[in-house]
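Notes follow the structure.
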Amino acid sequence: MIYTCTLNPSIDYVMELDEVKLGQLNRSEKVAFYPGGKGINVSRVLKRLGSESVALGYLGGFTGEYIRQFLDQEGIMNRCIELEGTTRINIKLKANQETEMNGTGPQIPESEQFKLLSQVGELTEKDILVLAGSLPTSVPKDFYSKLAEHCLKHNIPFVLDTSGIALADTLRYRPFLIKPNQHELGELVGVPIKTLEDAAKYGKEVLQRGPEYVLVSIGGLGAVLVGKEITAFASVPQGEVINSVGAGDSMVAGFLSVFAKDGNILEAFRQGVAAGSATAFSQDLCTVEKVQELLPYVEVQVKE
Ligand SMILES: Nc1ncnc2c1ncn2[C@@H]1O[C@H](COP(=O)(O)OP(=O)(O)O)[C@@H](O)[C@H]1O
Ligand SMILES: O=P(O)(O)OC[C@H]1O[C@](O)(COP(=O)(O)O)[C@@H](O)[C@@H]1O
């Protein structure tokens, strides 16, 4: 079974405006809200692509209840732990460019941290764990490392999709896959990543720090997958970007849904890119139809 873990889920409140004027009243005539948070998005896209998963993490308050109901409606298994605090609402402003404002999230008491550690303690090597998103400020900085250490000890493959110190410090527990975007990879290696070639070069460097595969996305420029014995480049389909929030998460889900079925890394890469673009070209997350429509437009080239 695939387990996704979102320590800090959100409701994503998307507002469209012609222009954002700071310090003034702005009115939007087009708003929408969706459940969000990286692991939650991965679970939602997996379901759409025909793969089951269990959502782990924390939910609380009226926003948490909304996400619970949404997951139930979509038939996604949910073992998220109930918190007293209120799950955050992240603001996504869509004007001439996309601006995101992500909140810090509710307090997670130590007792609830232990509960999650014990849930992960039940996983076996037949499972896959996806650790995705930022660490809430109330959990120790090595929280992902603790979960990852358990995975390494028990041969549980895990995917890590986070940034900053949480990413850098957890690499040594050998995640099966990490999916930095160009900025996250740049921060990790201390060099700005501008091209696919940069991504391949520095992605290879990061392999020395522990992960088995590094999947780097560079928005509309393309994506790169590197492993010990593979370097592959993918083109992305052309289209109108409607809402790129969740594109990276959809990429992880697209990748995993193929990999978990037959272990084909290159096909997983191709579907990951198609799913990312399908979400970027949609209002909410991608549908399976949209992913299938885009698959033929993703060209994967393996570099010897
Ligand atoms: N402008 C775009 N055109 C086509 N596909 C895109 C575009 N922006 C994002 N995507 C798709 O979404 C994936 C992830 O996007 P990216 O913005 O790099 O990641 P993140 O959402 O993690 O920041 C890309 O690899 C691509 O498949
Ligand atoms: O945990 P973080 O880093 O604050 O990110 C949470 C945000 O990222 C998202 O999961 C989207 O992530 P991507 O655009 O990278 O796929 C949103 O749903 C959510 O608001």
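Counting starts at 1 for both ligands and their atoms, following the listed order.
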Tell me whether Lys47 contacts the main-chain N or O of Gly75 through its side chain, where contact means a donor paired with an acceptor under 3.5 Å.
yes
Measure from the side-chain N and O atoms of Arg209 to the backbone N and O of Ala168, and report whether any donor-acceptor pair falls under 3.5 Å.
no
Would you indicate which of Ala247, Gly246, Ser235, Ser163 comes nearest to atom 15 (O) of ligand 1 when only heavy atoms are counted?
Ala247
Check if Pro237 has a non-hydrogen atom at a distance under 4.0 Å from any atom of ligand 1.
yes
Taking the ring of Tyr34 and the ring of Phe70, is the distance between their centroids below 6.0 Å?
no
If we set the cut-off at 4.0 Å for heavy atoms, which region of Ile218 has an atom near ligand 1: side chain, backbone, both, or neither?
backbone
Which residue and atom name correspond to the protein heavy atom nearest atom 23 (O) of ligand 1, and how close is it?
Asn181 ND2, 2.9 Å
Check Asn41, Thr6, Thr4 against Asp249 for a side chain to side chain donor-acceptor pair (under 3.5 Å) and give me the one that passes.
Asn41
Any N/O of Gly222 closer than 3.5 Å to an N/O of ligand 1?
no
If we only count N/O pairs under 3.5 Å, is Ser244 in contact with ligand 1?
no
Under 4.0 Å from a heavy atom of Gly220: give me the atoms of ligand 1 that qualify, with their elements.
1 (N), 2 (C), 3 (N), 7 (C), 8 (N)
How about Arg68: does its CZ atom have over 12 heavy atoms from other parts shown lying under 6.0 Å from it?
yes
Atoms of ligand 1 under 4.0 Å from any heavy atom of Val241, numbered from 1 in the order shown, are 1 (N), 2 (C)
Nearest non-hydrogen contact to atom 26 (C) of ligand 1 from the set Ala280, Ser277, Ala278 belongs to Ser277
Quick check: are there more than 12 heavy atoms from other residues, nucleotides or ligands sitting under 6.0 Å from CD1 of Ile165?
no
Mind checking whether Phe255 and Phe176 have parallel, tilted or perpendicular rings, split at 30° and 60°?
tilted
Gln271 versus Ser257, side-chain donor and acceptor atoms under 3.5 Å:
yes
For Arg44, enumerate each residue passing the side-chain hydrogen bond (donor to acceptor under 3.5 Å, both in side chains) test, keeping only those at least two apart in sequence or located in another chain.
Glu74, Asp284
Glu98-Ser244 side chain donor-acceptor pair, cut-off 3.5 Å
yes
For ligand 1, which atoms have a heavy atom of Met251 less than 4.0 angstrom away?
25 (O)
Taking side-chain contact (heavy atoms from CB on, under 4.5 Å) as the test, write out the residues that go with Leu135, two or more places apart.
Leu7, Val139, Phe143, Tyr144, Ala166
Side chains of Asn155 and Lys126: donor-acceptor distance under 3.5 Å anywhere?
no
Any heavy atom of Lys179 sitting closer than 4.0 Å to ligand 1?
yes
Using the salt bridge (charged side-chain N to carboxylate O under 4.0 Å, His left out) rule, collect all pairs that involve residues 9-33, keeping only residues at least two apart or in two chains.
Glu16-Lys30
Considering heavy atoms of the protein only, find what lies nearest to atom 21 (O) of ligand 1 and give residue, atom and distance to 0.1 Å.
Gly248 N, 3.0 Å
Can you tell me which residue and heavy atom of the protein come closest to atom 16 (P) of ligand 1, and the distance to 0.1 Å?
Ser217 OG, 3.6 Å
Against heavy atoms of Val273, which atoms of ligand 1 measure under 4.0 Å?
27 (O)
Can you produce the list of protein nitrogen or oxygen atoms under 3.5 Å from a nitrogen or oxygen of ligand 2, alongside each distance?
| from | atom 1 | to | atom 2 | distance (Å) |
| --- | --- | --- | --- | --- |
| ligand 2 | 1 (O) | Arg88 | NH2 | 3.1 |
| ligand 2 | 1 (O) | Ser134 | N | 2.8 |
| ligand 2 | 1 (O) | Ser134 | OG | 2.9 |
| ligand 2 | 4 (O) | Arg88 | NH1 | 3.1 |
| ligand 2 | 4 (O) | Arg88 | NH2 | 3.3 |
| ligand 2 | 4 (O) | Asn102 | ND2 | 3.1 |
| ligand 2 | 4 (O) | Ser134 | OG | 3.3 |
| ligand 2 | 8 (O) | Lys38 | NZ | 3.1 |
| ligand 2 | 10 (O) | Lys38 | N | 3.2 |
| ligand 2 | 10 (O) | Asn41 | ND2 | 3.3 |
| ligand 2 | 10 (O) | Asp249 | OD2 | 2.9 |
| ligand 2 | 12 (O) | Lys38 | NZ | 2.9 |
| ligand 2 | 12 (O) | Asp249 | OD2 | 3.2 |
| ligand 2 | 14 (O) | Gly246 | N | 2.8 |
| ligand 2 | 15 (O) | Lys38 | NZ | 3.0 |
| ligand 2 | 16 (O) | Gly246 | N | 3.4 |
| ligand 2 | 16 (O) | Gly248 | N | 3.2 |
| ligand 2 | 16 (O) | Asp249 | N | 2.9 |
| ligand 2 | 16 (O) | Asp249 | OD1 | 3.0 |
| ligand 2 | 16 (O) | Asp249 | OD2 | 3.0 |
| ligand 2 | 18 (O) | Asp12 | OD2 | 2.5 |
| ligand 2 | 18 (O) | Gly37 | N | 3.0 |
| ligand 2 | 18 (O) | Asn41 | ND2 | 3.1 |
| ligand 2 | 20 (O) | Ser10 | OG | 3.4 |
| ligand 2 | 20 (O) | Asp12 | OD1 | 2.6 |
| ligand 2 | 20 (O) | Asn90 | ND2 | 2.9 |
| ligand 2 | 20 (O) | Lys92 | NZ | 2.9 |

Is Gly219 close to ligand 1, meaning an N/O of one under 3.5 Å from an N/O of the other?
yes
